[in-house]
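Here is the structure we will look at.
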Amino acid sequence: PLRYISKYSEFVRREAEKNKSQWKTMGPAKVAVPSPNDFLQKRSKEPKPAPKKKEEEGEKLLPLSVPQRTYHPVIRIKKNFIYKNAIAVIRGEPKMPRHFCVDTRQGDKYLLEPSGLFPKYTRKKNYGVIPKYVTRRNEEMKREEEEYQASVLEELKKKAMKTLSEEERTNVLKALKKNWEEVNRAFLSLPIVTDTTYKKMQKEELELKLQQLEHDIAAIENHKTIYIAN
């Protein structure tokens, strides 16, 4: 069969020739050569100041102003620094001699003040004085400790047991003694012979009550302050 040929082949060929650069095969395009008279001059590229405006012909100068009577011109006085420095040296305090320490036969010496042999710090005015920030910190710590102790005591008072008053203590003691007398009377009323089990149990029960009452009476009499648990 015949080879296929596109119908757009001629159009593509024309477009390719049309878009080809002019100097693709023939070299760069010819441009106008600069004139020899337009050569680069010295300082031609530096920025030039704006041209000064000429005074208009009809413009008048302002009249000269007369200074006021209170005007005092500033007078600059030339200072003699050599004389000034000489006066400062004469009136100044002389420099104190520096203390040296010589420790070898060859005369090697070093400054005594930074060596640690000179009593520099003990001669200070505030030597041995507690600094203000330490005193302030101690006061703050003491105040915080007092506040903490006060809060602890307050909590202990809230949780503390109730104290029995003197009147209540006397009434309780009287009631215990009265109970002891009644139990003792009942104990003395028992028969001498305890031949039955019931009599033995009754006697033991009364003895235990008497012992408990005697223990309570002795505890209340020996202790004036009595606490009652909640």
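Here, residue 1 is the first one in the sequence, and each next residue gets the next number.
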Side-chain donor-acceptor distances from residues 125-132 under 3.5 Å, at least two apart:
none

| message | On a heavy-atom basis, which atom in Cys101 and which in Leu112 lie closest, and how many Å separate them? | response | CB-CD1, 4.0 Å

Hey, what do you get for [atom1] ([X]) to [atom2] ([Y]), rounding to the nearest 0.5 Å?
{"X": "Asn222", "Y": "Ile217", "atom1": "CG", "atom2": "CD1", "value": "11.5 Å"}
{"X": "Tyr198", "Y": "Met201", "atom1": "OH", "atom2": "CE", "value": "9.0 Å"}
{"X": "Asn85", "Y": "Ile90", "atom1": "CG", "atom2": "CD1", "value": "11.0 Å"}
{"X": "Gln202", "Y": "Thr197", "atom1": "CD", "atom2": "OG1", "value": "12.5 Å"}
{"X": "Lys45", "Y": "Gln41", "atom1": "NZ", "atom2": "CD", "value": "12.5 Å"}
{"X": "Arg136", "Y": "Asn138", "atom1": "CZ", "atom2": "CG", "value": "10.5 Å"}

| Could you give all pairs that pass the side chain to side chain donor-acceptor pair (under 3.5 Å) test and reach residues 100-123, with sequence neighbours left out? | Thr104-Asp108

| field | Residue pairs fulfilling side chain to side chain donor-acceptor pair (under 3.5 Å) with at least one residue in residues 140-151, sequence neighbours excluded | value | Glu145-Gln149

| request: For the pair Leu111 and His99, evaluate side chain to side chain contact (heavy atoms under 4.5 Å, CB included) and give the outcome as yes or no after the intermediate values. | output: CA-CA 6 Å; Leu111 290 173; His99 299 278; over 6 Å; no

| remark: Cluster membership besides Ile77, Ile/Leu/Val/Met/Phe/Trp/Tyr side chains within less than 4.5 angstrom, sorted by chain and number, is none

| For atom CD1 of Ile82, is the number of surrounding heavy atoms from other residues, nucleotides or ligands below 6.0 Å larger than 12? |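 At most 12 heavy atoms, drawn from other residues, nucleotides or ligands, come within 6.0 Å of this atom.
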
| message | Is there a path of hydrophobic side-chain contacts, each under 4.5 Å between heavy atoms, that joins Leu213 and Leu190? | response |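 Result: yes, single cluster for both.
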
| said: Same cluster or not: Phe187 versus Leu208, using hydrophobic residues (I, L, V, M, F, W, Y) connected whenever any side-chain heavy atoms lie under 4.5 Å apart? | reply: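 The answer is no; the residues belong to distinct hydrophobic clusters.
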
| task | Check whether any side-chain heavy atom of Asp216 sits under 4.5 Å from a side-chain heavy atom of Glu214, and report yes or no. | result |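 No, their side chains stay 4.5 Å or more apart.
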
| Could you give all pairs that pass the salt bridge (Lys or Arg N to Asp or Glu O under 4.0 Å) test and reach residues 199-209, with sequence neighbours left out? | Asp195-Lys199, Glu205-Lys209

| Short N-O contact, Glu182 and Arg185, less than 4.0 angstrom | no

Without placing hydrogens or testing angles, list every side-chain donor-acceptor pair under 3.5 Å for residues 164-173, not counting sequence neighbours.
from   : atom 1 : to     : atom 2 : distance (Å)
Ser165 : OG     : Glu168 : N      : 3.4
Glu166 : OE2    : Arg169 : NH1    : 3.2
Arg169 : NE     : Ile220 : O      : 3.2
Arg169 : NE     : His223 : O      : 3.3
Arg169 : NH2    : Ile220 : O      : 2.8
Thr170 : OG1    : Glu166 : O      : 2.8
Asn171 : ND2    : Glu167 : O      : 3.2

